[in-house]
2 protein chains.
Amino acid sequence: MPRHPRIPDAGVTRLSLYLRELSRLEGEGASFVSSAELARALTLTSAQVRRDLSYFGQFGTSGRGYEIRRLKRIIPRILGLEGRMWRVALVGSGNLGSALLAYRGFRERGFVIKAVFDKDPRKVGRVVAGQRVEEAGWLADVVRGRRIQIGIIAVPAVAAQEVCRRLVRGGVRAILNFAPVSLAAPPHVKLRNVDLSVELESLSYYLSSLNANR
Amino acid sequence: MPRHPRIPDAGVTRLSLYLRELSRLEGEGASFVSSAELARALTLTSAQVRRDLSYFGQFGTSGRGYEIRRLKRIIPRILGLEGRMWRVALVGSGNLGSALLAYRGFRERGFVIKAVFDKDPRKVGRVVAGQRVEEAGWLADVVRGRRIQIGIIAVPAVAAQEVCRRLVRGGVRAILNFAPVSLAAPPHVKLRNVDLSVELESLSYYLSSLNANR
DNA sequence: GCCAGGTTGTGAATTTTTTCACAAACTTAC
DNA sequence: GTAAGTTTGTGAAAAAATTCACAACCTGGC
């Protein structure tokens, strides 16, 4: 197991982006890439790319850049994606939940959905993207029984906190929350939020300051 | 039009969160809130809350905190949400696109979907959540004609860059991208990316460093 | 009016993150 | 083998964001 240095949260995010970009480059037949190229593709600076990678070791070759194949082996190792599958529970099989279920990239990135829950009896039992929707009542027990590590919350805002509590009770240590509420969870549980309104509102801020500031 | 100070990007995001939390508090019958309470609810520090707000003025009362009604008027003004609707085009009516269309919070937050596009002829003409899906061929012209300001990209990765180009050609100045690619756009166009894989991978990093570090 | 209690707004200090800038290292061409 | 041309990795500097800490202020009670 690698001993990770302290890297900015945004840095971890960028590692994912590097990985994605590397696949694209490989698809184009490239075998080396410089920090400058990578930076250009992702609108970063080359120093930033080099710094991010240097937290974990020395992977480049002066005068050549980074070997794509090598980086594509190393970054998943850093991100904890190597030689394992993370077991995920999806809670909520509405529009968003179904969209997430249908997402193909899931599995190839190292995540397997091991359970899908819904509270609505009419949805329970249905099969969505190969997964049978289960009764949310036993959530915590099922999550524990199947040794699920990550929970995805795709339920309405009012239900989200309760779902969060149950996921935590089931032993989950990381949660990706799509509900537009701010959840409370114990400190050992890592929470990430994805919120459409927040994103749109930040675009709004940007657009309206275009007119305001000069 | 307010002249905005330079506030960290993350600060803008937090303003949205404050707004959401204020609605919740108001629903509970509160009329004042202190920076400490707001911070607790959102896992921030009280200094951060005060700092974020102080970029735009002095809204609090010593000894009392912030008047909720007042903040709920002021934050939308800061975010450029007051007395206007932003006109949005959604491109891609697949699973994710449909989920976005169904999202009710949209309109009440000040965003109206004025067009939905899809390339697939089988989807064109269908009505999803009250919106007729239109042929993506004329995207740029329609976007310009309807004076659309914001584009949401919910198409597969391979198609995203082309959609982006057309949105920009149609005059859009802000884009919310859900496709897992890094898009190139001119500097006057504000891009925000929402990427499921990136989020999950950062959870993976966190989870695996739990075991590694100590 | 005065005091006790509570909270803001913000300089200053601190911490975090990014960028600069360059020696060292590697490659390619001849 | 050498020279010219690239590109890395990283100290050091700079910039950005957060946190500290406290004077000033407001409220409510008496």
Side-chain angles (χ1 to χ4, degrees), chain A residues 4-18 21-22 25 30-72 74-75 78 187 198 202 205-206 209 213, chain B residues 4-18 21-22 25 30-72 74-75 78 202 205-206 209 213:
Chain A
H4 292 167
R6 195 161 286 95
I7 183 185
D9 227 28
V12 177
T13 295
R14 287 193 298 266
L15 287 180
S16 284
L17 298 179
Y18 299 155
E21 189 61 19
L22 290 165
L25 287 164
S31 61
F32 276 81
V33 63
S34 68
S35 57
E37 283 175 83
L38 221 35
R40 193 163 349 100
L42 299 169
T43 13
L44 303 168
T45 68
S46 66
Q48 200 162 35
V49 173
R50 294 197 300 278
R51 177 72 70 194
D52 285 341
L53 294 172
S54 78
Y55 282 118
F56 303 96
Q58 308 191 160
F59 309 123
T61 309
S62 305
R64 291 268 264 156
Y66 298 88
E67 192 195 353
I68 292 176
R69 288 244 311 281
R70 173 136 186 254
L71 269 194
K72 279 198 65 186
I74 285 163
I75 295 178
I78 296 170
V198 169
S202 97
Y205 176 82
Y206 168 78
S209 54
N213 286 337
Chain B
H4 293 167
R6 194 163 286 95
I7 183 186
D9 225 29
V12 177
T13 294
R14 287 194 298 267
L15 287 181
S16 284
L17 298 179
Y18 300 154
E21 189 61 19
L22 290 166
L25 287 164
S31 61
F32 276 81
V33 64
S34 69
S35 58
E37 283 175 82
L38 221 35
R40 192 163 350 98
L42 299 169
T43 13
L44 303 168
T45 68
S46 65
Q48 200 161 38
V49 173
R50 293 197 300 279
R51 179 72 70 194
D52 286 341
L53 294 172
S54 78
Y55 283 118
F56 302 97
Q58 309 191 159
F59 309 123
T61 310
S62 305
R64 292 268 264 155
Y66 298 89
E67 193 195 352
I68 292 176
R69 288 243 315 279
R70 172 136 188 256
L71 270 194
K72 280 197 64 187
I74 286 164
I75 295 179
I78 296 171
S202 95
Y205 176 83
Y206 169 79
S209 54
N213 288 337

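Just so we're on the same page: letters track the sequence lines, and every chain starts at 1.
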Sorted by chain and number, sequence neighbours left out, side-chain hydrogen bond (donor to acceptor under 3.5 Å, both in side chains) with Ser202(A) holds for Arg192(B)

In this structure, how many angstroms lie between the C1' atom of dT19(D) and the CG atom of Asp52(B), rounded?
12 Å

What's the OH-P distance between Tyr18(B) and dT8(C), to the nearest Å?
12 Å

Does dT18(C) have OP1 or OP2 sitting under 4.0 Å from an N or O in the side chain of Tyr55(A)?
no

Hey, does Tyr55(A) have a side-chain heavy atom less than 4.5 Å from the side chain of Pro8(A)?
yes

Mind checking what makes salt bridge (charged side-chain N to carboxylate O under 4.0 Å, His left out) contact with Arg14(B), not counting sequence neighbours?
Asp52(B)

Rounded to whole Å, please give me the gap between CD in Glu67(A) and P in dT8(D).
14 Å

As an exercise, state the distance from OH of Tyr206(B) to CG of Asp9(A), rounded to the nearest 0.5 Å.
11.0 Å

Is there a side-chain polar atom (N or O) of Ser35(B) under 4.0 Å from OP1 or OP2 of dT8(C)?
yes

Whole Å only: how far is the CG atom of Asp9(A) from the C1' atom of dT15(C)?
16 Å

Below the 4.0 Å mark, does dT10(D) have OP1 or OP2 next to a side-chain nitrogen or oxygen of Gln58(A)?
yes

Could you tabulate the donor-acceptor pairs under 3.5 Å formed by side-chain atoms of residues 36-46 of chain A, not counting sequence neighbours?
unit_1: Glu37(A); atom_1: OE2; unit_2: Ser34(A); atom_2: N; d: 3.2
unit_1: Thr45(A); atom_1: OG1; unit_2: Gln48(A); atom_2: N; d: 3.2
unit_1: Ser46(A); atom_1: OG; unit_2: Arg50(A); atom_2: NH1; d: 3.1

Could you state the interatomic distance from CG (Leu53(A)) to CD1 (Ile74(A)), rounded to the nearest 0.5 Å?
9.0 Å

Protein-nucleotide distance (Ile74(B), atom CD1; dG9(C), atom P), rounded to Å:
10 Å

Once rounded to the nearest 0.5 Å, what's the spacing between atom OH of Tyr18(A) and atom OG1 of Thr13(A)?
10.5 Å

What's touching nucleotides 1-3 of chain D from the protein side, N or O pairs under 3.5 Å?
none

Atom CG of Leu53(A) and atom P of dT18(C): how far apart are they, to the nearest Å?
14 Å

Need one value for Ser46(B): base, sugar-phosphate or nothing, where a base atom within 4.0 Å counts as base even if backbone is also close, heavy atoms only.
nothing

Per-nucleotide protein contact string for nucleotides 19-30 of chain C, where B marks a base within reach and S marks sugar-phosphate only (heavy atoms under 4.0 Å, - for neither)
B-B---BBSS--

Gap between atoms CD1 and P, on Ile7(A) and dG9(D) respectively (whole Å):
14 Å

Under 3.5 Å, side-chain donor or acceptor atoms of residues 58-68 of chain A against the rest of the protein: list the pairs with distances, not counting sequence neighbours.
none

Specify the separation, in whole Å, of atom CG of Leu71(B) and atom P of dT7(C).
15 Å

In Å and rounded to the nearest 0.5 Å, what is the CD1 to OG distance from Ile78(A) to Ser209(B)?
12.0 Å

